[in-house]
Amino acid sequence: MKETGTKIWAPQLKQMKQRGEKIVMLTAYDALMARLLDEAGVDVLLVGDSLGMVVLGYETTLPVTMDAMVHHTAAVTRGASRALVVADMPFLSYQTSVDDAVRNAGRLLQQGGAGAVKIEGPAFETVRRLVDTGIPVMGHLGLLPQSVNQLGGFRKQARCEDQAMQLIEDAKQLEQAGAFSIVLESIPDELGRMASEAIGIPTIGIGAGPDCDGQVLVAHDALGLTPDPVPSFVKRYAQLGDEIVKAAQAYAQDVRKGQFPQR
């Protein structure tokens, strides 16, 4: 049976910002990890389309489908009790038309059980329509992984003044469209601070400096489950990958020597 606790809803993140409470967010792609992170007190579980790279072995997030996102989101919601579950809208699930966006976001809530969806880029009209439909939306600015081919790789964004000012304007527009929070990815620390001060909704940084209202990491990176190299902003809080290899080697040795199972 899942642990019970005070459920976190999308509007509460703004209240946390107003109280000066930092928001803790990690990715999760399955029920087991969701349960463990939920028990640890993580506020938001992001079912990221990063699952394409972390779990499915793709080089980018682009091959991830709506069916895959619904599948993994449903698994995470079965494992989480307290945390707000936010599901990424995958590539081409919202860019083609606003109607497609509403339909696909609805699947993530109806079939996946998510409490909100996340959309990359300045898709103001789409955000407004989703919010009007009753679907909470988290924005995402800075490095946009779904635009990796257009950006020419995974690199820090908004490093010149014009780009920085445009990002702040986009953040304001997303707030006006009804987004309840915005992920800021791979931008200069000072811009992370400026954007966080410019809007009333919380910012959640990933490589955007310490002054954002919260932080998110790919859980597999933080736990040492992914191989090096990892992005420079990642902090390893454990080396579970090494421990898994050691445990599997010990098991293999016992089996080959006839020491497991014991008679």
Side-chain angles (χ1 to χ4, degrees), residues 10 25 27 29 44 46-56 58-74 76 85-112 114-158 163 166-187 195 199 201 203-204 206-208 216 218:
M25 181 167 159
T27 61
Y29 312 111
V44 184
L46 173 64
V47 189
D49 59 359
S50 51
L51 73 88
M53 303 169 72
V54 176
V55 177
L56 302 180
Y58 295 121
E59 291 186 359
T60 71
T61 65
L62 300 182
V64 177
T65 64
M66 269 302 304
D67 286 344
M69 288 305 305
V70 170
H71 173 85
H72 285 272
T73 299
V76 169
V85 176
V86 179
D88 262 339
M89 297 281 287
F91 184 58
L92 295 184
S93 67
Y94 60 94
Q95 292 96 333
T96 53
S97 76
V98 175
D99 288 341
D100 283 346
V102 172
R103 188 178 306 109
N104 289 321
R107 287 188 64 194
L108 291 170
L109 269 65
Q110 285 186 318
Q111 300 171 27
V117 300
K118 181 168 74 63
I119 289 180
E120 291 187 10
F124 311 128
E125 180 183 355
T126 300
V127 171
R128 188 173 292 108
R129 175 74 176 277
L130 290 175
V131 172
D132 288 344
T133 306
I135 300 172
V137 179
M138 176 180 285
H140 186 149
L141 298 173
L143 173 61
L144 308 177
Q146 292 176 13
S147 301
V148 61
N149 290 320
Q150 188 177 42
L151 296 174
F154 299 100
R155 60 186 65 181
K156 190 177 286 289
Q157 299 298 303
Q163 293 173 343
Q166 185 61 58
L167 185 141
I168 292 174
E169 180 59 29
D170 288 346
K172 292 178 179 179
Q173 291 291 324
L174 282 173
E175 179 179 20
Q176 292 175 10
F180 70 91
S181 63
I182 302 173
V183 168
L184 299 177
E185 181 169 358
S186 197
I187 61 174
I199 58 177
I201 57 175
T203 59
I204 300 177
I206 177 166
V216 59
V218 171

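Note that these values count all heavy atoms, side chains included, but never hydrogens, waters or copies made by symmetry.
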Is any side-chain heavy atom of [X] closer than 4.5 Å to a side-chain heavy atom of [Y]?
{"X": "Met66", "Y": "Leu108", "value": "yes"}
{"X": "Leu174", "Y": "Phe124", "value": "yes"}
{"X": "Glu185", "Y": "His140", "value": "yes"}
{"X": "Glu120", "Y": "Phe91", "value": "no"}
{"X": "Ser186", "Y": "Gln157", "value": "no"}
{"X": "Met53", "Y": "Thr61", "value": "yes"}

Which residue, Lys118, His72, His71, forms the side chain to side chain contact (heavy atoms under 4.5 Å, CB included) with Val47? His72
Using modelled atom types and a 3.5 Å cut-off, is there a donor and acceptor pairing between side-chain atoms of Asp49 and backbone atoms of Val64? no
Nearest 0.5 Å please: distance from the [atom1] atom of [X] over to the [atom2] atom of [Y].
{"X": "Leu141", "Y": "Leu184", "atom1": "CG", "atom2": "CG", "answer": "6.5 Å"}
{"X": "Ile206", "Y": "Met25", "atom1": "CD1", "atom2": "CE", "answer": "8.5 Å"}
{"X": "Leu92", "Y": "Gln146", "atom1": "CG", "atom2": "CD", "answer": "8.0 Å"}
{"X": "Arg128", "Y": "Gln176", "atom1": "CZ", "atom2": "CD", "answer": "8.0 Å"}
{"X": "Ile182", "Y": "Ile119", "atom1": "CD1", "atom2": "CD1", "answer": "12.5 Å"}
{"X": "Leu56", "Y": "Leu51", "atom1": "CG", "atom2": "CG", "answer": "5.0 Å"}

Closest approach of [X] to [Y] (non-hydrogen atoms, all atoms of both residues):
{"X": "Thr133", "Y": "Arg129", "result": "OG1-O, 2.7 Å"}
{"X": "Leu109", "Y": "Ala114", "result": "CG-O, 3.4 Å"}
{"X": "Ala101", "Y": "Thr126", "result": "CB-CG2, 3.5 Å"}
{"X": "Ala158", "Y": "Leu167", "result": "CB-CD1, 4.3 Å"}
{"X": "Ala10", "Y": "Phe180", "result": "O-CD1, 3.7 Å"}
{"X": "Leu130", "Y": "Ala105", "result": "CD2-CB, 3.8 Å"}

Tyr29: partners by side chain to side chain donor-acceptor pair (under 3.5 Å), with sequence neighbours left out: Thr27, Ser50
Let's go through Met138 and Ile204 carefully: what are the C-alpha distance in whole Å and the side-chain angles of both, what is the deciding distance for side chain to side chain contact (heavy atoms under 4.5 Å, CB included) to 0.1 Å, and is it a yes or a no? CA-CA 10 Å; Met138 176 180 285; Ile204 300 177; 3.9 Å; yes
Of Lys172, Gln173, Gln166, which meets side-chain hydrogen bond (donor to acceptor under 3.5 Å, both in side chains) against Asp170? Gln166
Run the numbers on Arg107 and Asp67 for side chain to side chain contact (heavy atoms under 4.5 Å, CB included), then give the verdict. CA-CA 9 Å; Arg107 287 188 64 194; Asp67 286 344; 2.9 Å; yes
